[in-house]
Colleague: 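Can you keep this structure in mind? I'll have questions shortly.
The structure presented is a predicted model; accordingly, all values stated were derived computationally and were not measured. Reminder, nothing fancy here: chain letters follow the sequence lines and each chain counts from 1.
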2 protein chains.
Amino acid sequence: MKGFFYPKSIVVIGVSDKPKNMGRMIVYNLIHKGFTGQVHAVGPHGGTVLGRPVRKNVKDIQFPLDMAVILTPAAIAVEMVRECGEAGIRRIVIESAGFSEFSDDRKGLEEELSAIAKEFGIRFIGPNCIGVFNTDNGLATSFVLTTSDFGKGDVSIVAQSGGMAMTYMESLEFNGVNFNKVTSIGNKLNVDESDLLDYLVNEDERTRIICMYLEGIKNGRRLMQIARQSKKPIIVHKSGVGRAGAATAASHTAAMSTDNRVVNAAFRQAGIIRVHMTSQMVDFVKIFELPPMKGRNLAIVSRSGGHAVIAADTAEHFGFEFPSFPPEELAKINEHVRGGVINLRNPLDLGDLFDLSVYESIARMVLSNENMHGMVLAHAYGKADREESRQFLRVVKELSIKYQKPVALCLMIDDQEASYLKQNIRFPFFNSPEEGAWALSASYQAHQYRQREQVTVSPVGTFDPLPARTIIENAAQERRNPSQAECFDILKLYDIPVPGYRQAGTAGEAIEAAEQIGFPVVLKIDVPSVLHKSDVGGVVLNLASPKAVSEAFTQMHDKIAGSLSADEPFVVLVMEHVKVTGQEVIFGIKQDQTFGPALLFGMGGILAELIKDISILIAPVGRSEVNEMIRRIKGYKVLTGVRGQKSVDIDSLADNLLKLSQLALDVPQIMEIDLNPVLSYEDGCLALDARFVL
Amino acid sequence: MKGFFYPKSIVVIGVSDKPKNMGRMIVYNLIHKGFTGQVHAVGPHGGTVLGRPVRKNVKDIQFPLDMAVILTPAAIAVEMVRECGEAGIRRIVIESAGFSEFSDDRKGLEEELSAIAKEFGIRFIGPNCIGVFNTDNGLATSFVLTTSDFGKGDVSIVAQSGGMAMTYMESLEFNGVNFNKVTSIGNKLNVDESDLLDYLVNEDERTRIICMYLEGIKNGRRLMQIARQSKKPIIVHKSGVGRAGAATAASHTAAMSTDNRVVNAAFRQAGIIRVHMTSQMVDFVKIFELPPMKGRNLAIVSRSGGHAVIAADTAEHFGFEFPSFPPEELAKINEHVRGGVINLRNPLDLGDLFDLSVYESIARMVLSNENMHGMVLAHAYGKADREESRQFLRVVKELSIKYQKPVALCLMIDDQEASYLKQNIRFPFFNSPEEGAWALSASYQAHQYRQREQVTVSPVGTFDPLPARTIIENAAQERRNPSQAECFDILKLYDIPVPGYRQAGTAGEAIEAAEQIGFPVVLKIDVPSVLHKSDVGGVVLNLASPKAVSEAFTQMHDKIAGSLSADEPFVVLVMEHVKVTGQEVIFGIKQDQTFGPALLFGMGGILAELIKDISILIAPVGRSEVNEMIRRIKGYKVLTGVRGQKSVDIDSLADNLLKLSQLALDVPQIMEIDLNPVLSYEDGCLALDARFVL
């Protein structure tokens, strides 16, 4: 990836001197951002642009070319990539739009692009993007005029939308935060977010904080793997969440949608911090410019009581605590307070205390205190105490660095003063105390993740995947989903407990099965095409005698057999009627197209219907993660026993979730597994029903 | 209240020429904001300040004085109020701090203040505030230097914190929104938020939008009553929510905390829009500067696809819909598109369409369409298309006014351009599409409230409150809570169904009671001091014979009677053992110190424990409100029947909630009522247990 950010020479393809030519704008931006390498131009009409010759063909350029930037109509872009390949260029930014995001019939063009890239060993960014920026060397391939001068910073941005890339660049700059590298990845046909994340996390020493705007995720598992190992904070704004948003994303960057709950689960597991608003992204970046919040103990100090109240509300919402300041320290400070004693509690309203040297003592007391992990400091000042305040802020910055604790500075100042601080003090500040407190919670969350026990994924048992695969392949060949008996067979292969069961095609077989299993039994239609078994009279419970079984079989046969197609034999499942009482839970697997198998766990019954009480993990999963997954559902209290009931066997739930996750990894052809209900009781659990979808 | 905002002459008390004197700052602000009335100064040291004489006593001023502003130490402020009273001043702003917010022993000073005010018929704002601003006449009594020049607008602010008043003033100004009046109300000992709201809603024609920052609410019922009738939007930022926030608010403005869920319920009922962040307040004010969003149909049009995706996500989250544009309109627009056809769906990504005259056609098509209620328009521009863009924005503004539909404009532009627009186009714009979409949801919510059916509170029955009051007064005199039999007696007086019950003091009485009620019965200890009846063995169910009743009575007596105090006779409640099946719900009443009786309804059992599935209304309540309250809980689905069950009798729930609300209004001495569970079944409901707290 480095080649995209540090080329020594660039050719821009699609340049002319027409007033609205966008290729010319790229050349302009490269020159005016002070790009340190050479810039060449190619366009069908030749001539000169911005004092440079426009060649008609890439091959006409006699210098070695490290990178090409293409902005032509889509079909021509494909030709140009071939020309570049022939000219030996191996890094290309394709900014042209009009590919699969525009209409499905443009997919052929994308396939051509991929084929040419493969033929020549080319890596390319795009199509449908505004390319790359690097403040290290003035690289700026946008076709939009960028007026501001960008400082050199340590925040790098990867954005699936050019517009959002610009929004982030400008919002960060406006907030006094400079960036290092920006990549607009568009349809990410070749280079995707994971390629770039890998580079930014593991290779690029200039990047310390990573922001991403994503509408779809191409290879979720790889993204997670890179993020898990990252010491640099990764903040992702993932959009395309709703129906309309996802549809718009599809026509914008050909993004494919993923279940939003799966995205949340994956990000949590990988330590990726998710934001939902641009302003939140900017606030979180600011906080990561500071030392990390290493614990829950927060001091709030404010010149206005109102700001202290608001900061306290927000901080408490995010789980922070407010220990008191040590009395002996307070005594020292009160010695310096002119005209009386102030109420030095935490949160601290400085009230009518206007002596900035006392503020300094307080900041020193807070940040040097081992029991305090960070601070929200709200300050307002005008012309009268401008110089003293600036000096105070300089001291706060020093103290923050010295004691390696974050200070979420919230300043109520005028625009000019804000500009001065951004240029001269260079310590991020927030527009409101609630934003500062919220951001601190992200810092603490990231710190906690980094301190977590390493998740170890160790096998919960040794299972031979082959028999299960064979069953699934048979069903797949017959273009049907597995029968319930087959589902139970597979669960048994993975040692997941199921009731006693046997299939039966005749009343006689049903009686024999019931006798082997032991009465009472349940009879269930077991034909894969019958989805809603109860609705068609396909489930009869509590059959206590051979006669009852025989009668039930005959009745069910009469009701259902006639409506089955010729190649579907009428088969029932004879199943143990389980009498043990317990709580109903749900186990599930859903193969996500980008993150792979997602493991679901939730409460059954009413809670499932009313509040979607479900937690999700991406497989493979460690035991500690599964334990946490079980604890995370709201119904956990019910499982561990409310109103004097005994707890169900939580370990057995964890064990069997681990086994199910193993099964999903071993047999990825199963797209969905639904064990609903799993009966969880005092010393075990039992899957009472199973449905697999291929 | 008008007197506070339009005084012809003001005296500032507490002025000296010392460098840090804050009274002098008030005089300075009045002069420099161009206050159109006279400004006089009083201070103990005399002399001159800013070229004006400082009198030693208010009586030394020979002119009529409409209003005084006092900023002296607290004890002196009290004296000064008397001096003002004697000098005939009837409007005073007391900015001095150091009253009950500082420590409880300052309450005496506040009582003195109130007494003097009463004696002279003075209304005063404060203490502990920064007073009033009015851009109509340059009134500005803050002791903080306010540097910016404030334009004249139509937004008025009432803030319990001076710091937050300043924050809102500056944030609005920065966003190009001007204010009209600002009041910092501090401890609101005399004038409170409702006094001001009443004035701003009903008298002040200059105010169109009202913002409030409140840490506590003084008279919630009055606030609700004014808000309910208001045609002007009222947006409230209520803080002091968490434990630490509430404690900080208490020491900041002596604010008392209220259950946050009650605040939410009251605001919803009164049509008050609640915000939780400063930035959200500013965004909502912007949207109320525009015509209202009158329906759910939203068009999203964006120059960047990314912004369209984000806007769609947010708008969908808030329940907006995105109807397609009419094909014939689209055809017209496509005629004007240079070089091809664009995908004119909704949300609309303008993609590589750069012709601003087409943008204009699209805006016209959207806003003139009767089926479309509003629009998010995201636009980015730089120097190249600045003039065209400004022209386009002028047209958008005209169209918004012409068709009376809101356009949440989201602009990605540089600072200078933002300043230009704020001064010249004067049409609010947002920093991000998600903020614009969120704000539109507030506009729609406010519109819906204004369109709602008038809530009529009509009596659900004619109940004589006297017998209930007598029972409660008896219990109060004995300094105990009512027994369960007394609770049931009161419920019966209000026609709320309870099972058959009788009290019994001996086994014989218990048997007699059981025979009258009919077997089987329940026996429950009914001594008010015994709170956890089951825990002490004080509940026995399903007693089917006289013998069983007698034995249960004796056992219970042996277990419990010994631990009762001498003046507590051992009494049990003999109650019908109810066998009908149904759903358990909870009815409740909680007397809130500011909002009065709050009516609670929720699911019983597991749902209550796990998810606090409760909805709240402030009494008195209308039937439509109660119906909505029942529908609002998550468990509503269960009540109306899941999995083939029949619905419970929702009308009966509503009836009895109305009766309970009537009881709470009639007998306000009952601080809490807890009917848990109420059994709700197919054709009625029945309160199985009742607990009243006085």
Colleague: Which pairs count as salt bridge (Lys or Arg N to Asp or Glu O under 4.0 Å) when at least one residue sits in residues 297-315 of chain A, sequence neighbours excluded?
Modeller: Arg303(A)-Asp385(A)
Colleague: Using a cut-off of under 4.5 Å on heavy-atom pairs, state which of Met412(A), Lys637(A), His317(A), Arg243(A) scores highest against chain B.
Modeller: Arg243(A)
Colleague: When you check the side-chain N and O atoms of Glu435(B) and Ser432(B), is any donor under 3.5 Å from an acceptor?
Modeller: yes
Colleague: Ignoring hydrogens and angles, tell me if any N or O in the side chain of Glu316(A) forms a donor-acceptor pair with the backbone of Ala244(B) under 3.5 Å.
Modeller: yes
Colleague: Given a strict heavy-atom distance threshold of 4.5 Å, which part of Asp415(A) is in contact with chain B: side chain, backbone, both, or neither?
Modeller: side chain
Colleague: Can you give me the closest heavy-atom contact between Gly162(B) and Ser184(B), atom names plus distance?
Modeller: CA-OG, 3.8 Å
Colleague: Who among Ser302(A), Gly242(A), Ser161(A) has the most heavy-atom pairs with chain B under 4.5 Å?
Modeller: Gly242(A)
Colleague: Taking atom types as modelled, is there a side-chain donor on Tyr381(B) or Glu388(B) under 3.5 Å from an acceptor on the other?
Modeller: no
Colleague: Counting distance only, does the side-chain N/O of Lys238(B) pair as donor-acceptor with the main-chain N or O of Tyr213(B) below 3.5 Å?
Modeller: no
Colleague: Shorter than 4.5 Å, heavy atoms on both sides: which option in Ala378(B), Gly305(B), Ala308(B) has the most such pairs with chain A?
Modeller: Gly305(B)
Colleague: Heavy-atom pairs under 4.5 Å with chain A - which of Ala312(B), Gly306(B), Ser171(B) has more of them than the others?
Modeller: Gly306(B)
Colleague: Please rank Glu101(A), Glu434(A), His276(A) by heavy-atom pairs under 4.5 Å with chain B and give me the top one.
Modeller: Glu434(A)
Colleague: Which one of Ile310(A), Asn128(A), Ile300(A) has the most heavy-atom pairs closer than 4.5 Å to chain B?
Modeller: Ile310(A)
Colleague: Contact part of Tyr636(A) toward chain B, heavy-atom cut-off under 4.5 Å: side chain, backbone, both or neither?
Modeller: neither
Colleague: Identify which of Asn431(B), Val309(B), Asp613(B), Thr248(B) forms the greatest number of heavy-atom pairs closer than 4.5 Å to chain A.
Modeller: Val309(B)
Colleague: Between Tyr168(A) and His237(A), what is the ring plane arrangement, given parallel below 30°, perpendicular above 60°, and tilted in between?
Modeller: perpendicular
Colleague: Is chain B contacted by the side chain of Ala380(A), its backbone, both, or neither, given a heavy-atom distance below 4.5 Å?
Modeller: neither
